[in-house]
Amino acid sequence: MVGLGVGTVPGPAGWLDQEQRRRADELISAFENSTIEISYDYAENLDDGRGVTSGRAGFTTATCDALAVVEVYTDRVGDNVLTPFVPELERLCDTDSDDTAGLPEDAYVAAWQEAAGDDEFIAAQDEIVDRDYYIPAMEAADDI
């Protein structure tokens with residue numbers, strides 16, 4: 001599934017323009033999902049110590065960014081297919097745990113993939129990429 005492919009933050013002079021940002025997003029996707037297509041629906045447990053990895057930026061259940069995406073999505077649309085997983089995602093986040101024994105992985109992966117058909121879920125992923133990764137990276141680059 002291909003969404004915006006470009007974050008929603010225009011940024012000040014010196015930051016990436018729209019074409020540069022698209023290319024950067026495609027490079028990230030190539031590393032995360034082995035394709036330059038932005039894979040909002042990707043989800044699987046890679047057994048890499050980070051739980052289930054999902055979405056356009058490899059959001060994980062152990063590092064709180066998957067929870068952040070679900071929270072933003074839920075704030076936008078209310079109850080949704082991922083809402084039932086919030087308590088377990090919070091527990092995993094609080095404990096920095098990759099132990100997904102309490103997370104029905106197959107159901108979570110299916111729900112993530114289903115939600116990826118919703119433009120609001122795509123926008124939630126884009127928002128977290130901008131907030132947690134793109135903006136801090138651009139600000140750090142400005143400091144160099």
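No hydrogens, no waters, no symmetry mates; every other heavy atom, side chains included, goes into these values.
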Student: Name the orientation class of the two ring planes belonging to W112 and F121 (parallel below 30°, tilted from 30 to 60°, perpendicular beyond 60°).
Tutor: perpendicular

Student: Under the side-chain contact (heavy atoms from CB on, under 4.5 Å) rule, what do E127 and Y73 come out as? Steps first, then yes or no, please.
Tutor: CA-CA 10 Å; E127 181 177 325; Y73 179 51; over 6 Å; no

Student: Ignoring hydrogens and angles, tell me if any N or O in the side chain of E88 forms a donor-acceptor pair with the backbone of F85 under 3.5 Å.
Tutor: no

Student: Are the side chains of T53 and F59 in contact, using a 4.5 Å heavy-atom criterion?
Tutor: no

Student: Measuring from atom CD1 of I38 to atom CD1 of I28, what distance do you get when rounded to the nearest 0.5 angstrom?
Tutor: 8.0 Å

Student: Check for a donor-acceptor pair, side chain of D48 on one end and backbone N or O of R50 on the other, with a separation under 3.5 Å.
Tutor: yes

Student: So, taking the atom named OG in S97 and the one named CZ in R91, what distance separates them when rounded to the nearest 0.5 Å?
Tutor: 5.5 Å

Student: Is there a chain of hydrophobic side chains (I, L, V, M, F, W, Y, each step under 4.5 Å between heavy atoms) that links V72 to Y134?
Tutor: no

Student: Between I122 and D126, is any pair of side-chain heavy atoms under 4.5 Å apart?
Tutor: yes

Student: Please tell me if the side chains of I144 and D142 come closer than 4.5 Å, counting only heavy atoms from C-beta onward.
Tutor: no

Student: Under the 3.5 angstrom rule, does the side chain of S29 hit a backbone N or O of T35 as a donor-acceptor pair?
Tutor: yes

Student: If you look only at pairs with a residue in residues 17-56, which of them pass as a disulfide bond (SG atoms under 2.5 Å apart), with sequence neighbours excluded?
Tutor: none

Student: Just how far is it from atom CG of D17 to atom CZ of R22, taken to the nearest 0.5 Å?
Tutor: 10.0 Å

Student: Can you name the nearest heavy-atom pair linking P84 to V81, along with the distance?
Tutor: CD-O, 3.5 Å

Student: If you take all heavy atoms of P87 and T83, which pair is closest and at what distance?
Tutor: CD-O, 4.0 Å

Student: Looking at R21 and D130, is any side-chain nitrogen of the basic one under 4.0 Å from a carboxylate oxygen of the acidic one?
Tutor: yes

Student: Nearest 0.5 Å, please: how far is CD in E105 from CG in N45?
Tutor: 4.5 Å

Student: Taking C-beta and beyond as the side chain, do E44 and Y42 meet within less than 4.5 Å on heavy atoms?
Tutor: yes

Student: Is any side-chain heavy atom of R56 less than 4.5 Å from a side-chain heavy atom of N33?
Tutor: no

Student: Shared ILVMFWY cluster between M138 and I128, side chains joined below 4.5 angstrom?
Tutor: no

Student: Please check if the number of heavy atoms outside D94 that lie under 6.0 Å from its CG is greater than 12.
Tutor: yes

Student: Got a second to check how far Q113's CD is from S54's OG, nearest 0.5 Å?
Tutor: 9.0 Å

Student: Which pair of non-hydrogen atoms, one from A68 and one from R131, has the smallest distance, and what is that distance?
Tutor: CB-NH2, 3.7 Å

Student: Taking the side chain as C-beta and beyond, is there a heavy-atom pair between L82 and T74 under 4.5 Å?
Tutor: no

Student: If you measure from CG on D41 to CD on Q125, what distance do you get to the nearest 0.5 Å?
Tutor: 8.5 Å

Student: With heavy-atom distances below 4.5 Å as the criterion, would you say the side chains of D98 and T61 are in contact?
Tutor: no

Student: Quick one: does any side-chain atom of N80 pair with a main-chain N or O of G78 as donor and acceptor, under 3.5 Å?
Tutor: yes

Student: Write down the atom of G51, the atom of T100, and the distance for their closest heavy-atom approach.
Tutor: CA-CG2, 3.9 Å

Student: Quick one: are E90 and V86 in side-chain contact, heavy atoms under 4.5 Å?
Tutor: yes

Student: Honestly curious: do L46 and L92 fall in one hydrophobic cluster under the side-chain, below-4.5 Å linking rule?
Tutor: no

Student: Would L16 and I36 show up in the same hydrophobic cluster when neighbours are defined by side-chain heavy atoms closer than 4.5 Å?
Tutor: no

Student: Would you say the side-chain atoms of S39 pair up with the backbone N or O of E37, donor to acceptor, closer than 3.5 Å?
Tutor: yes

Student: Please determine whether residues V129 and Y40 belong to a single hydrophobic cluster, defined as Ile, Leu, Val, Met, Phe, Trp and Tyr linked transitively by side-chain heavy-atom distances below 4.5 Å.
Tutor: no

Student: Considering only residues two or more places apart or on different chains, which pairs with a residue in residues 92-144 satisfy disulfide bond (SG atoms under 2.5 Å apart)?
Tutor: C64-C93

Student: Charged N to carboxylate O below 4.0 Å: is that the case for R23 and E26?
Tutor: no

